[in-house]
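These notes concern the structure reproduced below.
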Amino acid sequence: MRLTEFFMPTLKENPNEAQIVSHRFMLRAGMIRQSSAGIYSWLPLGHRVLKKIEQIVREEQDRAGAQELLMPTIQPAEIWRESGRYDDYGKEMLRITDRHDRDMLYGPTNEELITEIFRDSVRSYRDLPKMLYHIQWKFRDEVRPRFGIMRGREFLMKDCYSFDLDYDGARRAYNRMFVAYLRTFQRLGLKAIPMAADPGPIGGDMSHEFMILAETGESEVACHINLLDLDIDLMGLDPKGDMQSTVDSLTSYYAATDEKRDPAIEAGLGDDLTVARGIEVGHIFYFGTKYSVAMNAYVNNEKGDKVAIEMGSYGIGVSRLVGGIIEASHDDDGIIWPEAVAPFDAGIINLRSGDEKCDAASEEIYLKLGNAGKDALIDDRDQRGGVKFADMDLIGLPWQIIVGPRGLENGVVELKSRASGEREEMSIDAALNKLTGSVG
RNA sequence: CGGGGAGUGGCGCAGUCUGGUAGCGCAUUCGACUGGGGGUCGAAAGGUCGGAGGUUCAAAUCCUCUCUCCCCGACCA
């Protein structure tokens with residue numbers, strides 16, 4: 001992509017409404033624009049990141065054995081009356097009336113809808129287990145949206161639902177998602193810590209929130225320091241296994257969100273305790289037969305008995321992750337994208353657009369990177385170096401290739417790592433080689 | 001929903017107390033010079049001062065109502 005053609009309206013100054021880092025950088029880098037409180041448009045740069053995160057989440061869901069479907073954003077009130085949540089949900093639910101005066105709503109979550117779909121089609125234990133997920137926009141009419149995309153009213157979420165015949169099956173599904181989440185966050189370049197969360201009315205130990213630690217986190221969390229550097233080989237695990245030992249080893253350490261913290265345990269941990277602020281990026285929980293009973297979702301088991309389906313739900317805040325990653329990875333100059341989610345693999349800074357040699361060298365690098373399957377953004381604007389450096393640092397691409405007349409005289413360009421700030425002079429071929437793993 | 005703050009060119013702000021017909025920086029357009037970390041000079045374009053009503057010879061400025069946004073708290077993926 002050429003910057004002269006790309007729609008990326010960057011801002012030099014901090015917009016007044018943005019207080020936290022991720023919000024400021026997302027606005028300044030031209031990733032998003034606010035439409036109204038808690039509702040945003042995703043501009044091309046932000047949209048690229050969102051899609052990359054979404055794709056990684058999707059791949060790990062598929063790998064865990066879940067199947068993707070897509071449910072609508074608008075739901076009928078009817079099914080929510082059936083589950084009893086229509087009145088419970090309160091003002092956070094955006095209620096709509098259609099032209100026939102039928103009560104509708106913009107879905108804040110999808111338990112009712114998925115349960116309806118499932119119960120209407122499944123009668124036998126032979127159809128279980130199943131895991132179904134979708135990645136869809138949700139709406140919760142928060143009283144006070146804040147932190148930009150991190151706590152908007154409209155947000156993109158992956159939610160998965162598991163259907164099992166019995167508790168053991170539900171536990172297996174839970175474990176699989178538990179591990180899938182760890183893998184997902186690992187691939188996103190994040191350290192997400194699973195923490196015991198409030199399981200709600202069902203009780204038990206099957207409710208975890210996945211938190212990334214950042215100063216701007218919304219709540220205070222605590223965990224054993226070993227969890228901070230735990231290195232488990234998730235990639236080698238059999239995705240179809242029960243994973244109980246992996247989950248056990250991870251949950252053996254103390255880790256608790258705000259409402260689950262235990263002062264007695266924490267006192268006993270002494271120096272092994274870390275207290276920090278956390279951003280919730282995922283939440284998994286088992287809720288048993290809460291919805292299946294309320295909404296009449298039963299199957300016949302092998303003996304012909306009618307049993308309520310055991311369910312669990314598993315959410316990842318996809319749009320929130322964009323902000324979360326920035327909170328966890330930035331410096332004073334801007335964003336520092338992990339390679340897996342960066343909107344482009346590399347940025348090429350042509351320090352003298354219009355200069356024959358600089359243009360030729362920049363174009364060569366751009367084309368060869370493209371041929372090697374690398375997505376590059378080339379700054380071909382007629383701007384001064386300082387402007388280009390600042391914008392490139394702001395948008396945080398992992399690598400910068402700096403092409404200037406001074407270097408070209410000696411046959412070199414500079415390769416800069418955004419994360420470390422290190423710059424190295426080398427030939428064009430060497431730079432290409434380093435970025436693509438083969439000689440351009 | 002309680003408490004606080006703010007709406008003035010695209011962005012950041014001054015002007016409001018003490019009414020006199022709108023200004024600064026950045027960005028934008030054109031020209032020239034410049035060229036390795038947000039340049040210089042010259043010219044230009046762009047605002048019914050959130051909206052409605054009122055007071056007044058005269059309102060960004062005073063009064064009333066209203067909308068929106070931000071921050072703290074309660075609440076939440």
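The chains referred to below are lettered A, B, ... by the order of the sequence lines, with proteins before strands, and numbering in each begins at 1. Note that the structure is predicted; figures quoted are calculated from it, not measured. Worth knowing before you read on, the calculation uses all heavy atoms, side chains too, and leaves out hydrogens, waters and symmetry mates.
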Mind calculating the distance between CD (A:E17) and C1' (B:G12) to the nearest angstrom? 11 Å
Do the rings of A:F6 and A:F344 sit parallel, tilted or perpendicular, given the 30° and 60° boundaries? perpendicular
Looking at every strand, decide which applies to A:T109 at a 4.0 Å heavy-atom threshold: base, sugar-phosphate, or nothing. nothing
Check whether the side chains of A:T257 and A:E209 place a donor and an acceptor atom closer than 3.5 Å, and report yes or no. no
Check whether the aromatic ring of A:F389 stacks on the base of B:G38, taking stacking as ring centres less than 5.5 Å apart and planes within 30° of each other. no
Indicate, with a heavy-atom threshold strictly under 4.0 Å, whether A:G315 touches base, sugar-phosphate, or nothing. nothing
Using a 4.0 Å heavy-atom cut-off across all strands, classify A:G323 as base, sugar-phosphate, or nothing. nothing
Could you tell me how the ring of A:F178 sits relative to the ring of A:Y174: parallel (under 30°), tilted (30 to 60°) or perpendicular (over 60°)? tilted
By the 4.0 Å heavy-atom rule, please label A:G317 as base, sugar-phosphate, or nothing. nothing
Using a cut-off of 4.0 Å on non-hydrogen atoms, how would the nucleic acid contact of A:G282 be classed: base, sugar-phosphate, or nothing? nothing
Only one of A:E218, A:E327, A:E154 passes salt bridge (charged side-chain N to carboxylate O under 4.0 Å, His left out) with A:R320, and that residue is A:E218
What is the nucleic acid contact for A:K91, judged by heavy atoms within less than 4.0 Å: base, sugar-phosphate only, or nothing? sugar-phosphate
Identify whether any heavy atom of A:D382 sits under 4.0 Å from a base atom; if not, whether one sits that close to sugar-phosphate; answer base, sugar-phosphate or nothing. base
For the residue pair A:Y253 and A:H224, categorise the inter-ring angle as parallel (less than 30°), tilted (30 to 60°) or perpendicular (more than 60°). tilted
What I want to check is whether an N or O donor and acceptor connect the side chain of A:R151 with the base of B:C76 at under 3.5 Å. yes
Could you tell me how far apart A:D258 (CG) and B:A74 (P) are, to the nearest whole angstrom? 10 Å
Heavy atoms only, 4.0 Å cut-off, all strands: where does A:R28 land among base, sugar-phosphate and nothing? base
So what does A:R423 hit on the nucleic acid, given a heavy-atom distance under 4.0 Å: a base, only sugar-phosphate, or nothing? base
Classify A:K158 by what it touches in the nucleic acid, base, sugar-phosphate, or nothing, heavy-atom distance under 4.0 Å. nothing
So what does A:I316 touch, heavy atoms closer than 4.0 Å: a base, only the sugar-phosphate, or nothing? nothing
Assign each of A:G386 and A:E13 to its nearest nucleotide of RNA chain B by heavy atoms, then name whichever residue's nucleotide is nearer the 5' end. A:E13
Taking atom CD of A:E78 as the centre, does the number of heavy atoms from other residues, nucleotides or ligands within less than 6.0 Å exceed 12? no
Base-pairing assignment for B:G25 (Watson-Crick or G-U wobble, both under 3.5 Å): B:C11
Mind calculating the distance between CG (A:L27) and P (B:C11) to the nearest angstrom? 11 Å
Over all strands shown, is A:D159 touching base, sugar-phosphate only, or nothing at heavy-atom distances under 4.0 angstrom? nothing
Among B:C70, B:A27, B:A74, the nucleotide that comes nearest once only the side chain of A:R146 is considered: B:A74
Opposite nucleotide pairing with B:A74, Watson-Crick or G-U, both atom distances under 3.5 Å: none
Any base atoms under 4.0 Å from A:A37, or only sugar-phosphate, or nothing? Heavy atoms, all strands. sugar-phosphate
Nucleotide paired to B:A45 in any strand shown, Watson-Crick or G-U, under 3.5 Å: none
Give one of base, sugar-phosphate or nothing for A:Q19, where a contact means two heavy atoms less than 4.0 Å apart. sugar-phosphate
Between B:U66 and B:G7, how far apart are the C1' atoms? Round to whole Å, please. 14 Å
Measure CZ/A:R384 against C1'/B:U40 and give the value in whole Å, please. 8 Å
Which residue lies more 5' along RNA chain B, comparing A:R140 with A:P145 via nearest heavy atoms: A:P145
Which base sits across from B:G19 as a Watson-Crick or G-U pair, both distances under 3.5 Å? none
Hey, does A:R171 have a side-chain heavy atom less than 4.5 Å from the side chain of A:Y286? no
Tell me the partner of B:A6, counting only Watson-Crick (N1-N3 plus N6-O4 or O6-N4) or G-U wobble (N1-O2 and O6-N3) with both under 3.5 Å; none if nothing fits. B:U68
Figure out the CG/P separation between A:D355 and B:U34, and round it to whole Å. 15 Å
Nearest-angstrom distance from the residue atom CD of A:E142 to P of B:C70: 13 Å
Nucleotide opposite B:C33 in a Watson-Crick or G-U pair, distances under 3.5 Å: B:G39
Rounded to the Å, how far apart are A:N14 CG and B:C70 P? 16 Å
